[in-house]
Structures are given as C-alpha cells and as structure tokens.
Amino acid sequence: MATAGLDRETFDGIVESIKEFAGRRLGDPALLRFDAQDEMPLELVRAMCGRELGLALLFVPDEFGGIGAGAMDVYRVCELIAGIDLGIATGVLATSLGSDPIRVGGTDEQRKRWLGRIASEGLLVAYAATEPEAGSDLAALRTMAVPVDAGYRINGRKQWISNGGVADIYCVLALAPAGPSWFIVDKGTDGLRVGTREEKHGIRASNTAAVFFDDVVVNADRLVGGVEGQGLLQAQAVFGYTRLMVGAFGLGAGWSALDRAIAYSRERSVSGGPLADKQGYTHKLLVPHAIGLEAARAFVEETATRIDKGAGNLITEGAIAKLAATEAANRAADAALQALGGYGYVREYMVEKIRRDVRITTIYEGTSEIMEMTIARDRWQAHLKTRGDHYHEQAHTLAQLDRQQPECGARIAALALDALAEVLEHCRLQHLTRSQHVLLRLGEIIAQVECAASLVRRTAAAESNGLSPKASHRFSPPQLAAMARVCARDAALQVCDVGVRWAGASAEALKLSEVHAAQSGLIDDMDLVADALYGRVSEPVAAPVPAMAGVGQ
C-alpha cells in the first residue's frame with residue numbers, strides 16, 4: 001500500500017517525544033537494571049505504545065484511527081528506539097509485526113475492530129508463528145485449526161514468541177483444512193497458556209515465551225480474511241517491510257555501540273595521545289564498521305522510499321537490508337567492545353549489553369542464512385532472465401553517473417557489479433548453484449555489492465540535495481563520498497575473491513588488475529572517514545579514481 005508518510009512537523013515531533021521520554025525514563029542505569037534482572041518494563045512499553053507516546057499509532061492506517069506512518073518514518077523510529085534499547089524496541093515492534101496479518105489480509109470489519117483497538121487502547125500483540133520443530137519454516141506447521149460449530153478448535157505450540165507472555169491478543173498461524181491460516185486469539189481465552197519467559201543471551205528487556213493452545217475455541221470471525229489457506233501469502237506480503245525494520249534495529253544498535261567507542265577514545269590516552277588519533281584504533285575498530293552501517297542505511301532508505309511509492313513487497317530487498325544492516329551491526333558492536341578493552345567486557349558498561357542484544361537481529365525474522373538464500377535465488381533468476389545482463393546494466397548506469405559525479409565512487413562500484421555478473425555467469429556455466437554453500441556465498445556478495453552501489457547513489461543524491469528531509473543527515477556529501485569509495489573498493493575485491501575461490505573465474509574475466517588499481521587512495525579515504533567520525537576538519541576530498549576502460553559495458 002503506497003503512502004506518503006508523515007509530514008515533517010509530525011515526524012519531528014514524534015522523534016523529539018521519544019528522545020524526551022527516553023531521557024526521563026530510559027537512562028543507562030535503568031536499562032542496565034532491566035538487563036540484570038531479566039525484566040521487561042511492561043508499564044514503560046505500554047506507555048510507549050499507548051497513552052504517553054502512542055507509537056502503536058504509527059503502524060495503523062489513518063482510516064482505523066492511526067496516523068499512517070510510511071516505511072521511511074517507521075525505519076527512523078525503529079532505529080532511534082533500538083539505539084536506546086533493542087529489547088524495548090523488540091517489544092514495541094512486535095505489536096506491528098503481530099498486527100500485520102490483520103492489516104494486509106483482514107476483512108474491513110476485522111481491520112476496523114482490531115486495528116482500531118490497537119490504536120485507541122495501545123494493545124500489545126504477539127505474532128505467534130514459529131514452532132519448536134519448524135523454526136523459520138512457516139510451511140512446516142503442526143498447530144492445527146479444526147472446524148467446529150461456528151468456529152475453530154486450535155491445538156499446538158508456538159516457540160520464541162516476542163511479547164508471548166504479555167500480549168493482549170495473539171495472531172496465530174495454524175493449519176486449517178484449506179491450508180495455513182491466521183487466527184486472532186484474546187489473552188485469557190480458555191486453553192491458551194503461556195510459558196515462563198525465556199532466559200535469553202540478550203534483549204532481556206523484552207518478553208519471549210512459548211505459547212500453548214490446548215483446545216482453544218474461537219469464532220469463525222477470528223479467521224483473518226474470512227478465507228482459509230491465505231496465511232503464508234499474508235505473511236509473505238510484509239516480509240520486505242518487517243525485515244527492513246529489523247535492519248533499522250541493526251543500524252540503531254550498531255551506531256549506539258560505535259558512538260560509545262568514539263566517546264571513549266576521545267578521553268583514553270595511549271603512548272602520549274588519545275586513542276582517537278591512533279590509526280590502529282580508528283582504522284580497524286571504527287572506520288570499517290561505520291562504513292558498513294552507512295552502506296546498509298543507504299539500502300534501507302532506498303527500499304523504504306520504494307515501498308512508500310507503492311513498489312510492492314520487495315521481499316528480496318528487505319532480505320538484503322536485514323542481512324547487511326544486522327551483520328554490520330554485530331561486527332560494529334563486537335569492535336566497540338574490543339575498543340573499550342577491559343571496560344567493554346564488564347556489565348557495568350553498556351557496550352557489553354549492546355553486544356549481547358544485537359546478536360538476535362541476525363536470527364529473528366529470518367536468520368542471515370535464510371536471507372542469503374533468499375537473495376541468491378532471486379538474483380540468480382534475474383541473471384538468467386536477462387541472459388547475464390542484470391548486473392552489467394546496473395554497472396553501465398553507474399559508469400554514466402561517474403561521468404557526472406566522479407568523486408562518489410561510482411566507477412569502482414561499477415567494477416564490482418561487472419565482476420559480480422561474471423561470477424554468476426561462471427556459476428551458470430559450471431552448474432555451481434546446485435551447491436547450497438555456493439548459493440550462500442553468492443547471497444553474501446550480492447548484498448555487499450548492492451549496498452555499495454546504493455551508498456554511491458545516496459552520495460550522489462546528497463551532493464545534489466536530493467535526500468529526503470527525513471533521511472539521516474549525519475554525514476556531509478564529501479564524507480559520504482569517502483565512505484562510498486572505501487565501500488566500493490571492498491565490495492569489488494570481495495567479489496573477485498569469491499569468484500576465484502568458489503566459481504573458478506579467471507582474474508582476467510573479473511578485471512582483477514583494475515580492481516587492484518582501484519585500491520589506490522584507500523588509506524587517504526579512511527583518514528577522511530575517521531575525521532568525519534570525530535568532527536575533525538579534513539583535507540580536500542581525494543582525487544577521483546582514474547577512468548578505467550570497459551567498465552559498465
């Protein structure tokens with residue numbers, strides 16, 4: 001569903017309200033206490049969803065009492081809350097995820113009734129899909145919904161359910177006679193039981209619990225959409241959106257960890273100077289991870305914009321956004337812990353908690369491996385349907401961009417795209433996609449290259465004042481350009497490595513000598529990025545990479 005999203009004044013007001021609320025009630029001591037006590041601050045989460053902040057309104061269309069936020073709006077809010085606490089963010093977003101089957105598949109009456117109540121009462125919702133034996137495979141259901149007089153009897157068990165022990169309503173995926181179907185179940189319904197909360201590695205400020213359905217009887221009007229067998233389609237209809245938001249979680253948590261490491265390095269002196277001035281610190285522990293997060297952000301924002309313009313589900317784009325952002329966030333949090341040394345390893349400091357919290361983002365809403373497989377299969381089909389031109393065409397477009405804005409790294413990204421096309425073609429000729437491991441490696445490099453290309457486009461847009469006012473504006477166009485050049489270099493080199501190692505592609509086919517030549521200026525650009533992170537005055541932007549023949553042809 002296309003939506004223009006919130007006006008700027010409303011968006012800014014929500015952002016400021018969240019920051020003010022967090023300043024009053026979600027300071028580091030409180031967050032560390034919730035974590036240590038394995039406690040979900042239920043009343044705080046209810047206040048955020050309901051009476052004080054009204055965040056539930058973001059996820060509900062205007063016609064049902066919400067404010068109809070767009071994907072760009074929700075991504076920025078998700079990033080902000082996750083930067084405060086990922087466990088609390090999980091509790092808030094679980095309500096959006098739980099209500100999505102109703103929003104996309106419910107009858108008019110169901111949407112009016114349930115979405116209206118979520119908006120007006122701030123109800124917490126649980127998305128009860130995952131099962132102990134099925135994991136992320138929603139098609140392998142064992143929970144059954146058997147027709148009875150005027151309704152259904154549900155029996156089964158759900159596992160790892162966010163808000164499972166505290167939800168007001170549950171959207172439950174069960175196997176009806178005509179196929180998987182969603183049902184709405186109220187808390188307190190006879191036969192519905194919740195397990196004790198899981199003692200988790202991280203996000204301990206959220207509630208995760210098993211949910212049991214023992215002869216739970218619901219009326220027929222609780223079948224979402226009123227037609228059996230639509231459950232998987234209804235779930236898939238929002239995968240692009242929900243995975244995008246988990247990617248936003250990664251951005252928030254990853255930057256929260258890095259910002260703490262940056263602050264620490266300003267004060268910590270080693271060998272006569274602050275760590276902030278040491279390349280061994282900044283160029284290993286900060287710069288690569290800041291670039292990884294901003295490349296993922298570029299793809300998140302690009303995808304959110306497309307969703308808001310009505311481009312559809314964008315399942316593969318959601319998978320790329322989630323994979324890139326959450327893996328970058330895990331690397332960033334791990335590096336931040338290392339950056340603080342012994343202080344990073346103790347629970348008195350938030351970085352240790354963030355490192356534990358962010359790990360879940362590569363697992364829930366589809367593991368990184370599922371994302372890699374989703375990406376590889378879809379882009380493999382695109383390669384076949386275009387007879388190998390899918391990425392060559394994108395490279396050609398970036399080569400044209402390079403002629404207009406040569407400083408943004410477009411030519412290097414074009415090299416990466418051309419090399420990726422050659423790797424895929426070698427896989428076709430040698431039938432290598434029969435190997436699951438090769439598919440996973442393809443999914444990984446496809447995400448990396450597409451994010452690098454997206455960061456190049458974002459840089460070009462920033463240079464021409466074309467970014468959305470609601471986009472992140474943390475870095476200036478020259479700073480983004482330095483990031484884009486570093487990111488494109490890394491992506492091109494990684495594609496060549498995978499191509500030679502797993503696809504048997506030749507150095508000549510991958511233009512490896514040109515990729516190597518493009519690495520020139522790397523340290524200078526990393527210096528510029530380090531200066532950007534610390535707000536230091538930089539030297540002029542490095543000279544653009546010299547033209548290379550044959551790129552994007």
Side-chain angles (χ1 to χ4, degrees), residues 83 250-298 324-325 327-345 349-352 354-355 358 407-409 412 448 451-452 455-456 458-459 462 472-494 518-543 545:
L251 295 178
W255 268 115
S256 181
L258 281 188
D259 282 335
R260 291 170 189 274
I262 292 168
Y264 173 80
S265 66
R266 293 180 187 275
E267 306 297 330
R268 183 80 161 96
S269 291
V270 174
S271 301
L275 283 172
D277 293 338
K278 312 292 183 183
Q279 272 192 353
Y281 183 93
T282 58
H283 288 36
K284 178 182 179 183
L285 299 177
L286 300 179
V287 169
H289 308 297
I291 293 170
L293 289 169
E294 288 308 296
R297 179 191 305 285
E327 290 291 342
N330 269 269
R331 292 189 294 268
D334 191 65
L337 189 153
Q338 182 77 10
L340 267 67
Y343 293 106
Y345 198 66
Y349 292 84
M350 285 288 287
V351 165
E352 185 274 341
I354 295 169
R355 179 64 188 89
V358 76
E407 67 288 335
C408 66
I412 312 173
Q448 186 175 7
C451 286
L455 183 55
V456 165
R458 189 178 197 275
T459 299
S472 171
H473 292 266
R474 175 169 181 161
F475 298 105
S476 69
Q479 293 167 342
L480 285 173
M483 289 183 168
R485 293 192 295 269
V486 175
C487 185
R489 289 183 181 103
D490 189 51
L493 203 57
Q494 185 65 21
Q519 304 304 311
S520 176
L522 178 59
I523 289 293
D524 291 339
D525 278 338
M526 294 183 76
D527 289 341
L528 292 173
V529 176
D531 288 343
L533 295 178
Y534 288 97
R536 299 188 292 237
V537 177
S538 302
E539 294 298 320
V541 174
V545 177

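Starting from 1, each residue takes its place in the sequence as its number. Values below: every heavy atom of this structure, side chains too, minus hydrogens, waters and symmetry copies. Note that the coordinates shown come from a computational prediction; the quantities given were computed from them, not determined experimentally.
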Output for pair (Tyr534 OH, Ile262 CD1), nearest 0.5 Å, gives 5.5 Å
Sequence neighbours excluded and cut-off under 3.5 Å, please list the side-chain donor-acceptor pairs for residues 269-279, or say none.
residue: Lys278; atom: NZ; partner: Val270; partner atom: O; Å: 3.3
residue: Gln279; atom: NE2; partner: Asp527; partner atom: OD1; Å: 2.9

CD1 (Ile291) and CE (Met526) are apart, to the nearest 0.5 Å, by 6.0 Å
Contacts of Arg266 meeting side chain to side chain donor-acceptor pair (under 3.5 Å) (sequence neighbours excluded), chain-then-number -> none
Taking every heavy atom of Ala491 against every heavy atom of Ala452, the minimum-distance pair comes out as CB-CB, 3.9 Å
message = Could you go through Arg260 and Ile354, starting from their C-alpha distance and side-chain angles, then the distance that decides it, and tell me whether this counts as side-chain contact (heavy atoms from CB on, under 4.5 Å)?
response = CA-CA 11 Å; Arg260 291 170 189 274; Ile354 295 169; 3.8 Å; yes
Exercise for the section: Give a yes or no on whether a salt bridge exists between Asp259 and Arg474, defined as a side-chain N under 4.0 angstrom from a carboxylate O. Expected result: yes
Query raised in the report: With distance as the sole test, does Arg485 use its side chain to make a donor-acceptor pair with the main-chain N or O of Leu522 at under 3.5 Å?
Result: no
Residues Ala332 and Leu293: closest non-hydrogen pair is CB-CD1, 4.1 Å
Contacts of Pro477 meeting side chain to side chain contact (heavy atoms under 4.5 Å, CB included) (sequence neighbours excluded), chain-then-number -> Ala462, Glu463
When rounded to the nearest 0.5 Å, the distance separating OG of Ser256 from CG of Leu251 is 12.5 Å
In short, Ala261 meets Leu286 closest at the heavy-atom pair CB-CD2, 3.8 Å
Contacts satisfying side-chain hydrogen bond (donor to acceptor under 3.5 Å, both in side chains) that involve residues 334-343 (not counting sequence neighbours) are Asp334-Arg355
Take Leu493 and Gln519 through the side-chain contact (heavy atoms from CB on, under 4.5 Å) test and state the conclusion after the steps.
CA-CA 9 Å; Leu493 203 57; Gln519 304 304 311; 4.3 Å; yes
Salt bridge (charged side-chain N to carboxylate O under 4.0 Å, His left out) pairs touching residues 286-297, sequence neighbours excluded, are Glu79-Arg297, Glu294-Arg297
By side chain to side chain donor-acceptor pair (under 3.5 Å), Gln494 pairs with (sequence neighbours left out) none
By salt bridge (charged side-chain N to carboxylate O under 4.0 Å, His left out), Arg331 pairs with (sequence neighbours left out) none
When every non-hydrogen atom of Ala257 is compared with those of Val351, the smallest separation belongs to O-CG2, 4.2 Å
Tightest non-hydrogen contact, residues Ala253 and Val358, listed as CB-CG2, 3.9 Å
Closest non-hydrogen atoms of Leu480 and Arg458, given as atom of the first, atom of the second and distance, are CD1-NH1, 3.6 Å
Before you tell me yes or no, could you show the steps for Val537 and Asp531 under side-chain contact (heavy atoms from CB on, under 4.5 Å), namely the whole-Å CA-CA distance, both residues' side-chain angles and the distance that decides it to 0.1 Å? CA-CA 7 Å; Val537 177; Asp531 288 343; over 6 Å; no
Residue pairs meeting ring pair (Phe, Tyr, Trp, His ring centres under 6.0 Å), one or both in residues 251-298, sequence neighbours left out, come to Trp255-Phe475
Applying salt bridge (charged side-chain N to carboxylate O under 4.0 Å, His left out) to Glu327 and not counting sequence neighbours gives none
Step-by-step side-chain contact (heavy atoms from CB on, under 4.5 Å) determination, Asp525 to Arg489: CA-CA 11 Å; Asp525 278 338; Arg489 289 183 181 103; 2.8 Å; yes
Contacts of Thr282 meeting side chain to side chain donor-acceptor pair (under 3.5 Å) (sequence neighbours excluded), chain-then-number -> none
Just by distance, no angles: are the side chains of Gln448 and Asp490 close enough, under 3.5 Å, to form a donor-acceptor pair?
yes
Across all chains, not counting sequence neighbours, the side chain to side chain contact (heavy atoms under 4.5 Å, CB included) partners of Ala295 are Cys451, Leu455, Cys487
